[in-house]
Amino acid sequence: PTVCQHCWAMGRGYSAMPLEDISFVLHEVRRFCETRGFDYSGYPMHEVDAHPQAAQVLRLFKEVWHVDEIQPFTTTGVPLATRSDWREILETLRELDASTLWFAFHGADEIHDRAVMRRGAYRESLRAVELTCEVGMKSGCNLFITRENIHQFDQLVADLQRAGMQEIIPCLYGFTPNARGRHS
């Protein structure tokens with residue numbers, strides 16, 4: 001539901017890989033590595049909580065690759081706030097010993113919304129922080145500081161704390177491999 005203009009998605013949408021394809025890839029990588037004596041590990045990347053079968057994807061990583069811990073679990077928060085099965089996803093994460101969700105904020109209100117290319121994303125992400133607290137999990141975030149949002153810093157911190165955010169790491173952009181990110 002978010003296609004951040006600064007990350008690898010570069011503002012373009014993409015479809016979710018079908019669950020049977022994910023299972024096939026995980027099994028084949030495990031088979032390949034085991035037959036050659038290689039170690040293998042992995043982590044479901046980029047908004048796995050936006051996958052239509054998110055809980056099943058998370059369980060596959062545990063069952064097939066024996067991933068015992070997904071810590072911290074990264075998300076924009078939008079998928080959790082917009083799903084009716086958000087509690088199932090958070091409970092699955094708890095089963096996998098993920099006690100912390102890690103968010104990214106790019107400003108307040110329309111500045112954040114523009115960065116993730118979704119109207120209302122800022123409020124949805126704050127709601128996801130609240131849901132995380134509701135089930136007894138911890139939350140933290142990277143708070144990306146730019147020329148455009150620096151004047152919102154006090155508001156951002158207040159909004160995040162009000163939602164229940166427990167750890168806030170202000171981040172200044174360093175190297176960014178694309179023009180959109182460098183513009184920020």
Minimal heavy-atom distance between Gly77 and Ala128, with the atoms involved, is O-CB, 3.2 Å
Heavy-atom pair of closest approach, residues His112 and Ser125: NE2-OG, 3.9 Å
Arg59 side, atom CZ; Glu95 side, atom CD - distance, nearest 0.5 Å: 5.0 Å
Closest approach of Ala55 and Thr92, non-hydrogen atoms and distance? CB-OG1, 3.6 Å
Could you measure the distance from the CG atom of Leu19 to the CD atom of Gln53? Nearest 0.5 Å is fine. 4.5 Å
With rounding to the nearest 0.5 Å, note down the distance linking CG in Asp85 to CG in Leu80. 9.0 Å
Min side-chain heavy-atom separation Leu93-Leu101 under 4.5 Å: yes
Return all side-chain donor-acceptor pairs below 3.5 angstrom for residues 158-168, not counting sequence neighbours, or 'none' if the list is empty.
from	atom 1	to	atom 2	distance (Å)
Asp159	OD1	Arg162	NH2	2.7
Asp159	OD2	Tyr122	OH	2.6
Asp159	OD2	Gln155	NE2	3.4
Gln166	OE1	Ser139	N	2.8

Do Glu130 and Arg127 meet the salt-bridge criterion of a basic N to acidic O distance under 4.0 Å? yes
Would you mind reporting whether Leu90 and Phe73 have side-chain heavy atoms less than 4.5 Å apart? no
Euclidean distance, Trp102 CH2 relative to Asn142 CG, rounded to 0.5 Å: 6.0 Å
Hey, any chance Val25 and Ile22 share a hydrophobic cluster, counting ILVMFWY side chains that come within less than 4.5 Å of each other, even indirectly? yes
If two hydrophobic side chains count as joined below 4.5 Å and joins carry through other members, does Met137 share a cluster with Ile169? no
Applying salt bridge (Lys or Arg N to Asp or Glu O under 4.0 Å) to Arg31 and not counting sequence neighbours gives Glu28
Report yes if some heavy atom in the side chain of Asp49 is under 4.5 Å from a heavy atom in the side chain of Trp86; otherwise report no. no
Is any side-chain heavy atom of Leu143 closer than 4.5 Å to one of Asn149? no
I'd like to check the side-chain hydrogen bond (donor to acceptor under 3.5 Å, both in side chains) partners of Glu20; sequence neighbours left out, ordered by chain and number. none
Kindly indicate whether the side chain of Val116, heavy atoms from C-beta on, has any atom under 4.5 Å from the side chain of His106. yes
Nearest heavy-atom approach of Ala108 to Leu156 is N-CD2, 3.4 Å
Is any side-chain heavy atom of Arg118 closer than 4.5 Å to a side-chain heavy atom of Thr82? yes
Among residues at least two apart in sequence or on other chains, which ones pass side-chain contact (heavy atoms from CB on, under 4.5 Å) with Ser99? Gln71
Quick one: list whatever passes side-chain contact (heavy atoms from CB on, under 4.5 Å) with Ile150, sequence neighbours left out. Ile145
Between Leu60 and Leu96, is there a shared hydrophobic cluster once you connect ILVMFWY residues whose side-chain heavy atoms come closer than 4.5 Å? yes
Below 4.5 Å, heavy atoms only, C-beta onward: do Thr132 and Phe103 meet side chain to side chain? yes
List for me each residue that meets ring pair (Phe, Tyr, Trp, His ring centres under 6.0 Å) alongside Tyr40, sequence neighbours excluded, and say none if there are none. Trp65
Kindly compute the distance separating CD (Glu34) from CG (Asp39), expressed to the nearest 0.5 Å. 10.5 Å
Determine, stepwise, if the pair Ile111 / His151 fulfils side chain to side chain contact (heavy atoms under 4.5 Å, CB included). CA-CA 11 Å; Ile111 292 175; His151 70 280; 4.1 Å; yes
State which residue, out of Glu47, Arg123, Glu124, fulfils the side-chain contact (heavy atoms from CB on, under 4.5 Å) condition with Val78. Glu124
So, do Arg87 and Glu134 sit near enough that their side-chain heavy atoms are less than 4.5 Å apart? yes
side-chain contact (heavy atoms from CB on, under 4.5 Å) partner of Val48, chosen from Leu58, Thr75, Ile89: Leu58
Indicate yes or no for a side-chain donor-acceptor contact from His27 to the backbone of Val64 under 3.5 Å, with no hydrogens or angles considered. no
